[in-house]
Amino acid sequence: MDRDFFSRDTLDVARDLIGCQLIRYLPAYDAPIIVTINETEAYKGSDDAASHAYRGITPRNRPMFGPPGILYVYFTYGMHYCMNIVTERDGVAGAVLLRGAIATQGIELIRQLRSGKTRPSDKQLLNGPAKLTQGLAIDLNLNGYDLFADTSQQPQPLAITPPATESPPSTIIQTPRIGISQATDLPWRFLTVPPHTTR
DNA sequence: AGGCCGATGCTCT
DNA sequence: GAGCATCGGCCTC
């Protein structure tokens with residue numbers, strides 16, 4: 001995976017990110033956290049009323065106008081972080097919000113970082129954008145981080161890889177985006193179909 | 001299973 | 001000053 005992957009239409013990137021893996025290295029721990037993305041949303045620019053970039057560049061949304069492959073992390077509701085990967089090309093706004101994932105490796109550490117009172121199921125552990133950043137210990141320190149700047153320097157704080165070849169390709173469905181009040185008709189949310197809903 | 005609500009502080013008008 | 005790309009707890013069905 002390279003910068004060209006993200007230098008495409010935001011909708012295509014959002015769809016193709018499903019199944020990709022995030023690798024998170026934390027200095028205090030030997031083993032990395034690895035999660036598999038299963039839910040994303042596309043956000044564009046002046047043509048997307050739900051996007052932070054809709055009304056042009058501001059101090060907060062500046063990364064969305066930057067080069068593809070960098071992170072756009074923002075703080076919201078006074079307590080949560082959400083992470084995006086920037087798309088399109090330098091100067092054109094676009095980003096994919098990472099909304100959910102399944103723990104693939106390091107689930108003990110993820111549970112520690114989530115540190116809730118309750119013990120969510122594996123499915124509920126990272127099924128939300130703020131849960132994902134909490135489980136991966138991602139905050140504003142990684143805002144603007146370039147996934148492809150120094151790939152020779154290992155380990156990187158955060159890296160992304162294509163879907164594991166042994167994992168069967170899953171069916172991807174498209175729905176309206178969640179938690180927004182503008183452009184609610186656009187089906188720009190992508191997620192994997194649950195195995196099967198049993199009774 | 002689903003709806004409501006409070007927490008909590010930044011961002012932009 | 002209003003509104004948030006949210007979450008978890010508590011309530012009712």
Side-chain angles (χ1 to χ4, degrees), chain A residues 6 9-15 17-18 20 22 35 37-66 68 70-88 92-103 110-145 158 172-199:
Chain A
F6 294 96
D9 187 280
T10 306
L11 291 173
D12 292 332
V13 177
R15 181 198 61 221
L17 277 175
I18 300 295
C20 292
L22 293 173
V35 304
I37 298 167
N38 65 0
E39 181 181 343
T40 64
E41 282 176 1
Y43 286 89
K44 296 203 172 191
S46 55
D47 52 345
D48 178 6
S51 173
H52 288 176
Y54 181 55
R55 293 173 194 283
I57 192 164
T58 69
R60 179 178 68 162
N61 69 21
R62 195 180 62 229
M64 284 190 72
F65 293 82
I70 70 171
L71 259 41
Y72 167 46
V73 183
Y74 67 89
F75 182 66
T76 191
Y77 290 104
M79 60 186 83
H80 297 303
Y81 300 99
C82 294
M83 70 178 296
N84 297 252
I85 307 181
V86 172
T87 57
E88 306 290 343
V92 177
V96 174
L97 173 68
L98 304 185
R99 283 196 57 93
I102 293 291
I110 294 173
R111 286 193 175 277
Q112 225 173 285
L113 293 167
R114 289 270 287 115
S115 70
K117 190 187 299 186
T118 53
R119 307 236 53 157
S121 66
D122 290 1
K123 279 218 133 64
Q124 292 180 306
L125 189 59
L126 298 172
N127 67 335
K131 294 182 184 181
L132 182 60
T133 56
Q134 188 179 42
L136 268 56
I138 284 167
D139 60 18
L140 291 180
N141 288 315
L142 282 178
N143 188 31
Y145 175 76
L158 186 70
I172 299 170
I173 63 166
Q174 231 177 311
T175 78
R177 293 173 292 184
I178 298 294
I180 56 171
S181 53
Q182 302 293 318
T184 52
D185 54 318
L186 300 177
W188 288 2
R189 174 179 180 235
F190 298 84
L191 35 28
T192 56
V193 178
H196 191 256
T197 325
T198 48
R199 252 168 294 110

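Quick caveat, the model's predicted, so the values are computed rather than measured. Chain A is the first sequence line, chain B the second, and so forth, proteins listed ahead of strands; every chain is numbered from 1.
- Among the atoms of the strands shown, none is found under 4.0 Å from any heavy atom of R177(A).
- Counted within 6.0 Å of CZ on F75(A), heavy atoms from surrounding residues, nucleotides or ligands total more than 12; the atom is thus considered enclosed.
- Closest to the S51(A) side chain, of the nucleotides dA5(C), dT6(C), dG8(C), is dA5(C).
- Ring-plane geometry between H52(A) and Y74(A) is classed as perpendicular, the angle between the planes exceeding 60 degrees on a 0 to 90 degree scale with a lower cut at 30.
- Both stacking criteria are satisfied for Y77(A) over the base of dC4(C): a centre-to-centre distance under 5.5 angstrom and an angle between ring planes under 30 degrees.
- With hydrogens and angles left out, the side-chain atoms of K123(A) and N127(A) include no donor and acceptor closer than 3.5 Å.
- Checking I37(A), I178(A), L126(A) one by one against R99(A), the side chain to side chain contact (heavy atoms under 4.5 Å, CB included) holds for a single residue, I178(A).
- Rounded to an integer number of Å, the gap from CD1 of I178(A) to C1' of dA5(C) is 10 Å.
- One interatomic measurement links the two molecules: CD of Q124(A) to P of dT6(C), which rounds to 17 Å at whole-angstrom precision.
- The interatomic distance linking L125(A) (CG) with dC7(C) (P) rounds to 12 Å, in whole Å.
- Distance from the side chain of R60(A) is smallest to dC12(B) among dT6(C), dA7(B), dC12(B).
- The strand DNA chain C forms stems, runs of 3 or more Watson-Crick or G-U wobble pairs with distances below 3.5 Å, at B:1-7 with C:6-12, B:9-12 with C:1-4.
- For the pairing with Y81(A), the side chain to side chain contact (heavy atoms under 4.5 Å, CB included) check across L132(A), L140(A), I138(A) returns one residue only, L140(A).
- Using a 4.0 Å heavy-atom distance criterion, F75(A) is classed as a sugar-phosphate-only contact.
- Atom-to-atom, CD of Q134(A) to C1' of dT6(C) comes out at 11 Å; the value is rounded to the nearest Å.
- Looking at heavy-atom distances under 4.0 Å, M64(A) makes contact with a base.
- Closest approach to the H80(A) side chain among dT8(B), dT6(C), dC12(B) is made by dT6(C) (side chain taken as heavy atoms from C-beta onward).
- Proximity of a side-chain donor or acceptor of N61(A) to a complementary backbone N or O of G56(A) within less than 3.5 Å is detected.
- As a whole-Å value, the separation of N127(A) CG from dC7(C) P is 8 Å.
- Side-chain atoms of T184(A) do not come within 3.5 Å of backbone N or O of S181(A) as any donor-acceptor pair.
- Within the 4.0 angstrom heavy-atom criterion, only backbone atoms of the sugar-phosphate kind lie near A130(A); the bases stay farther away.
- As judged by a 4.0 angstrom heavy-atom cut-off over every strand, R114(A) is placed among residues touching the sugar-phosphate backbone only.
- M79(A) places its CE atom 13 Å from the P atom of dT6(C), with the value rounded to the nearest Å.
- Among the protein residues, I180(A) comes within range of the sugar-phosphate backbone only, with heavy atoms under 4.0 Å from sugar or phosphate atoms but none that close to a base.
- Distance I138(A) CD1 to dT6(C) P: 17 Å, rounded to the nearest Å.
- When each of E41(A), R15(A), K44(A) is checked for a side chain to side chain contact (heavy atoms under 4.5 Å, CB included) with T10(A), only K44(A) meets the rule.
- Whole-Å rounding puts the Y81(A) OH to dA7(B) C1' distance at 15 Å.
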